[in-house]
**Student:** 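Input: one structure, supplied below.
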Amino acid sequence: RGGGAPATAAAALAVRRAGAAAAGMAPKAAANAVAVEDCAIVWFRKCLRLHDNAALAEASKAGVKHMCPIFVIDPHFGPGHVGVNRYRFLLDCLSDLDQQLRAKYGSRLLVLQGKPEDIFGKLLG
């Protein structure tokens, strides 16, 4: 549950492309679209704490309206690669983080499995 501020700050991806969300969309989709500059993706990597999380602090300071917290389970970290107790501990920590995010920010933790570069390439591409 450790981690340093530089790694955590680098994990915050605040997307700032004005008007890009509605560009090229059908009228109905554009009406329901969230402006990209109002969103922040916060990538939780090693630090699963809220009280001193630099990425969350930066997203809050930026005044984003929608926060999307994400944790990616790497394919090399799973039941076949680590012990059952260690994997269960991670899942318990992620569940706790999700509960804290719901209570404090009204947001759910999105847990995805795969290589982070592939996951973020699909999300942001």
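Just the heavy atoms: all of them, side chains too, but no hydrogens, waters or symmetry mates, feed the values below.
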**Student:** How close do Asp52 and Cys47 get, counting heavy atoms only, and between which atoms?
**Tutor:**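 Of all heavy-atom pairs spanning Asp52 and Cys47, the closest is OD1-SG, 4.4 Å.
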
**Student:** Within this structure, what is the SG-NZ distance for the pair Cys39 and Lys65, rounded to the nearest 0.5 Å?
**Tutor:**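 If I round to the nearest 0.5 Å, the distance is 10.0 Å.
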
**Student:** Let me confirm one number: the CG-CG distance from Asp92 to Leu48, rounded to the nearest 0.5 Å.
**Tutor:**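 With rounding to 0.5 Å, CG (Asp92) is 12.0 Å from CG (Leu48).
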
**Student:** Please name all residues satisfying salt bridge (Lys or Arg N to Asp or Glu O under 4.0 Å) with Arg86, sequence neighbours left out, ordered by chain then number.
**Tutor:**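 None.
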
**Student:** Please find the pair of heavy atoms, one from Val72 and one from Gly114, that lie closest to each other, and give the distance.
**Tutor:**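 Minimum heavy-atom separation between Val72 and Gly114: CG1-O, 3.2 Å.
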
**Student:** How about Tyr87 and Ile73: do any of their side-chain heavy atoms sit closer than 4.5 Å?
**Tutor:**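 Tyr87 vs Ile73: side chains touch.
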
**Student:** Look up atom CG in Leu110 and atom CD1 in Ile41, then write down how far apart they are to the nearest 0.5 Å.
**Tutor:**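 The CD1 atom of Ile41 is 9.5 Å from CG of Leu110, to the nearest 0.5 Å.
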
**Student:** About how many Å separate CG of Asn53 and CG of Leu97, when rounded to the nearest 0.5 Å?
**Tutor:**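 Going from CG on Leu97 over to CG on Asn53, the span is 8.5 Å.
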
**Student:** Can we say Lys122 and Asp118 salt-bridge, meaning some charged N sits less than 4.0 Å from an Asp/Glu carboxylate O?
**Tutor:**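 Salt bridge flag = no for Asp118 with Lys122.
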
**Student:** Would you indicate whether the side-chain heavy atoms of Leu56 and Tyr105 approach each other to under 4.5 Å?
**Tutor:**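 Yes; the side chains approach each other to less than 4.5 Å.
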
**Student:** Just verifying a value: how many Å separate His76 NE2 and Lys115 NZ, rounded to the nearest 0.5 Å?
**Tutor:**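 One gets 5.5 Å once the value is rounded to the nearest 0.5 Å.
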
**Student:** Between Val84 and Phe89, is there a shared hydrophobic cluster once you connect ILVMFWY residues whose side-chain heavy atoms come closer than 4.5 Å?
**Tutor:**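 Unlinked, Val84 and Phe89 end up in two clusters.
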
**Student:** Suppose we call two aromatic rings close when their centres sit under 6.0 Å apart. Are Phe71 and Trp43 close by that rule?
**Tutor:**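 No, they do not, as the ring centres are separated by 6.0 Å or more.
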
**Student:** Does this structure show an ion pair linking Arg108 with Asp98, if we count only N-O contacts that are shorter than 4.0 Å?
**Tutor:**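 Looking at Asp98 together with Arg108, the answer is yes, because their closest N to O distance falls below 4.0 Å.
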
**Student:** With side chains defined as the heavy atoms from C-beta onward, is the minimum distance between Arg102 and Ser107 less than 4.5 Å?
**Tutor:**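 No, side chains not in contact.
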
**Student:** Of all heavy-atom pairs between Leu109 and Leu94, which one has the smallest distance, and what is that distance?
**Tutor:**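 Distance-wise, the nearest heavy atoms are CD2-O, 3.7 Å.
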
**Student:** Rounded to the nearest 0.5 Å, how far apart are CZ of Phe120 and CG of Leu112?
**Tutor:**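 Going from the CZ atom of Phe120 to the CG atom of Leu112 covers 8.0 Å.
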
